[in-house]
Amino acid sequence: MENATDSTGLVEGGWEYMLTYFTKWQVATWGSVLVHELVYFLLCLPGILYQFIPWMQRYKIQSDKPETFDKQWQCIKLLMFNHFVIQMPMICGVFAYTEYMGIPYDYTSMPTWYSTLVRCFCCLVIEDTWHYFLHRALHHRRIYKYIHKVHHHFQSPFGMVAEYAHPAETMILGTGFFIGVLLFCNHLVFLWVWMSVRLVETIDVHSGYDLPLNPLHLIPGYAGARYHDFHHKNFTGNYGSTFIWWDWLLGTDREYNEYLQRNEETGIKEE
């Protein structure tokens with residue numbers, strides 16, 4: 001109990017220090033940028049290291065298409081543009097939003113972990129719904145080559161590909177993230193937790209690795225890396241970002257199910 005109390009006191013002290021020595025604008029803006037960049041690239045790091053570990057290749061979904069430095073460098077260049085030219089101005093609106101809506105920053109107003117968990121799940125459902133229909137629309141033959149084709153440059157995705165996209169797509173699909181914020185944000189820390197949860201999910205499904213004992217598969221209806229990897233390989237179907245529900249309801253998982261069935265009948269291990 002004493003250790004738990006000490007840890008709580010340390011977190012509270014750190015939070016109060018931040019609010020004392022930095023303005024609310026700095027906390028909301030630069031804090032959000034820092035959380036996004038740290039979480040994003042720390043989550044991408046294992047996937048970068050996996051390519052140098054031979055025994056990890058057994059979990060690579062498309063093992064015949066390894067990552068290369070050239071591909072990763074191409075990805076990073078567009079990522080930096082999207083992060084700092086497209087996403088940063090959007091993040092700069094966080095302070096104005098929290099001020100207008102009266103969103104608290106103080107430690108004593110922080111929501112409970114279980115309340116945050118429920119709210120994040122609701123945000124995932126909303127974002128997945130938005131993503132499914134807008135993502136599917138971006139695959140329409142009349143506009144696909146102008147916007148979404150950029151993201152599909154990598155037929156065998158890796159973690160960093162999660163936010164590799166045309167700037168217009170970044171704003172279109174990114175709107176789904178902010179709908180959840182508008183409906184459920186009750187503290188600045190919730191925004192950071194929801195941002196982290198969304199990054200964990202999207203980097204996982206783009207990782208290119210189907211790891212055993214992945215705790216995300218405990219989430220009901222979670223799609224996962226193998227499900228989304230097929231979308232990059234096949235270009236159509238499996239449009240959901242987090243869940244399989246909309247694909248199942250509207251039949252856009254048909255090609256994936258047929259693919260699994262063919263492999264099962266022929267005894268071929270899925271790749």
Side-chain angles (χ1 to χ4, degrees), residues 36 39-40 43-44 61 82 86-87 90 114-140 143-144 147-148 150-152 154 157 159-166 168-186 190-211 214-257 260:
H36 180 270
V39 172
Y40 191 87
L43 290 173
C44 288
I61 299 170
N82 280 344
I86 305 300
Q87 292 179 353
M90 298 169 73
Y114 49 85
S115 168
T116 301
L117 189 65
V118 170
R119 287 169 181 265
C120 281
F121 182 79
C122 292
C123 286
L124 282 172
V125 173
I126 292 170
E127 191 283 330
D128 181 72
T129 301
W130 176 273
H131 187 100
Y132 175 87
F133 289 101
L134 273 294
H135 180 197
R136 187 173 177 181
L138 288 174
H139 272 269
H140 191 281
I143 60 174
Y144 171 78
I147 300 177
H148 194 51
V150 173
H151 183 66
H152 275 276
F154 297 99
M160 285 190 293
V161 173
E163 291 187 346
Y164 180 90
H166 190 286
E169 178 176 340
T170 298
M171 292 185 287
I172 292 168
L173 296 185
T175 300
F177 170 86
F178 290 103
I179 294 174
V181 174
L182 291 172
L183 293 175
F184 295 105
C185 188
N186 58 352
F190 172 79
L191 173 66
W192 292 353
V193 172
W194 164 225
M195 181 188 297
S196 300
V197 167
R198 176 67 180 120
L199 290 176
V200 168
E201 178 275 323
T202 191
I203 291 171
D204 176 62
V205 301
H206 286 92
S207 67
Y209 288 84
D210 187 18
L211 301 178
N214 185 338
L216 292 176
H217 286 283
L218 296 174
I219 301 173
Y222 183 69
R226 194 170 290 277
Y227 190 87
H228 190 71
D229 201 277
F230 179 80
H231 174 77
H232 276 261
K233 179 180 179 179
N234 193 59
F235 291 103
T236 59
N238 293 15
Y239 297 111
S241 60
T242 305
F243 304 109
I244 63 173
W245 303 331
W246 285 111
D247 284 299
W248 175 72
L249 283 169
L250 299 178
T252 46
D253 60 352
R254 178 181 56 81
E255 292 184 34
Y256 179 62
N257 292 330
L260 294 179

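For the numbers below, each heavy atom of this structure counts, side chains included, while hydrogens, waters and symmetry mates do not.
- Checking each of L199, V200, V193 against V197 for a side chain to side chain contact (heavy atoms under 4.5 Å, CB included) leaves exactly one that passes, namely V193.
- Ring-centre distance between H231 and H151: not below the 6.0 Å cut-off.
- Within the model, atoms OG1 of T242 and CD1 of I126 stand 12.0 Å from one another, a figure rounded to the nearest 0.5 Å.
- Among residue pairs with one or both ends in residues 196-211, those qualifying as salt bridge (Lys or Arg N to Asp or Glu O under 4.0 Å) are E127-R198, R198-E201, D210-R226; sequence neighbours excluded.
- The six-membered or imidazole ring of F154 lies away from that of H232, with a centre-to-centre distance of 6.0 Å or more.
- W130 has its side chain within reach of T175: a pair of non-hydrogen atoms, C-beta onward, lies under 4.5 Å apart.
- To the nearest 0.5 angstrom, M90 atom CE is 4.0 Å from F178 atom CZ.
- In this structure, the side chains of S241 and V205 stay at 4.5 Å or more apart for every pair of heavy atoms.
- Under the 4.5 Å side-chain criterion, counting only non-hydrogen atoms from C-beta, L249 is in contact with W246.
- A distance of 9.5 Å separates CG in L183 from SG in C122, rounded to the nearest 0.5 Å.
- Taking both residues in full, the closest heavy atoms of G208 and D229 are given as CA-OD2, 3.7 Å, listed atom of the first, atom of the second, then distance.
- Atoms NE2 and NE2, from H152 and H166 in turn, are 14.5 Å apart once rounded to the nearest 0.5 Å.
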- Query: Would V39 and M195 satisfy side chain to side chain contact (heavy atoms under 4.5 Å, CB included), going step by step from the backbone distance to the final call?
  - Reply: CA-CA 9 Å; V39 172; M195 181 188 297; over 6 Å; no
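- Dense packing is recorded around CH2 of W194, with more than 12 heavy atoms of other residues, nucleotides or ligands lying under 6.0 Å away.
- The side-chain heavy atoms of F133 and L250, taken from C-beta on, include a pair separated by under 4.5 Å.
- In this structure, CD1 on I143 lies 10.0 Å from CD on E169, to the nearest 0.5 angstrom.
- The main-chain N or O of D253 is found under 3.5 Å from a side-chain atom of N257 such that the two form a donor-acceptor pair.
- W245 is linked by a side-chain contact (heavy atoms from CB on, under 4.5 Å) to F121, V125, F243, counting only residues two or more places apart in sequence or in another chain.
- If you check the side chains of N82 and E163, you find no donor sitting under 3.5 Å from an acceptor.
- In this structure a side-chain-to-backbone donor-acceptor pair under 3.5 Å is present from R119 to F184.
- In this model, a donor atom of one side chain and an acceptor atom of the other lie less than 3.5 Å apart for D247 and Y227.
- Of all heavy-atom pairs spanning H131 and G240, the tightest one is CD2-C, 4.2 Å.
- Taking each heavy atom of H217 and G224 in turn, the nearest pair found is CE1-CA, 3.9 Å.
- With rounding to the nearest 0.5 angstrom, the CD1 atom of I61 is 6.0 Å from the OG atom of S207.
- For the pair G159 and Y40, the tightest heavy-atom approach, listed with the atom from each and the gap, is O-OH, 4.0 Å.
- F190 and C123 make their closest contact through CZ-SG, 3.8 Å (heavy atoms, listed as atom of the first residue, atom of the second, distance).
- Ring planes of H135 and H228: tilted class, angle from 30 to 60°.
- Listed for the H139 side chain is a donor-acceptor partner under 3.5 Å among the backbone atoms of F235.
- Heavy-atom minimum distance, A165 versus V150: C-CG1, 3.9 Å.
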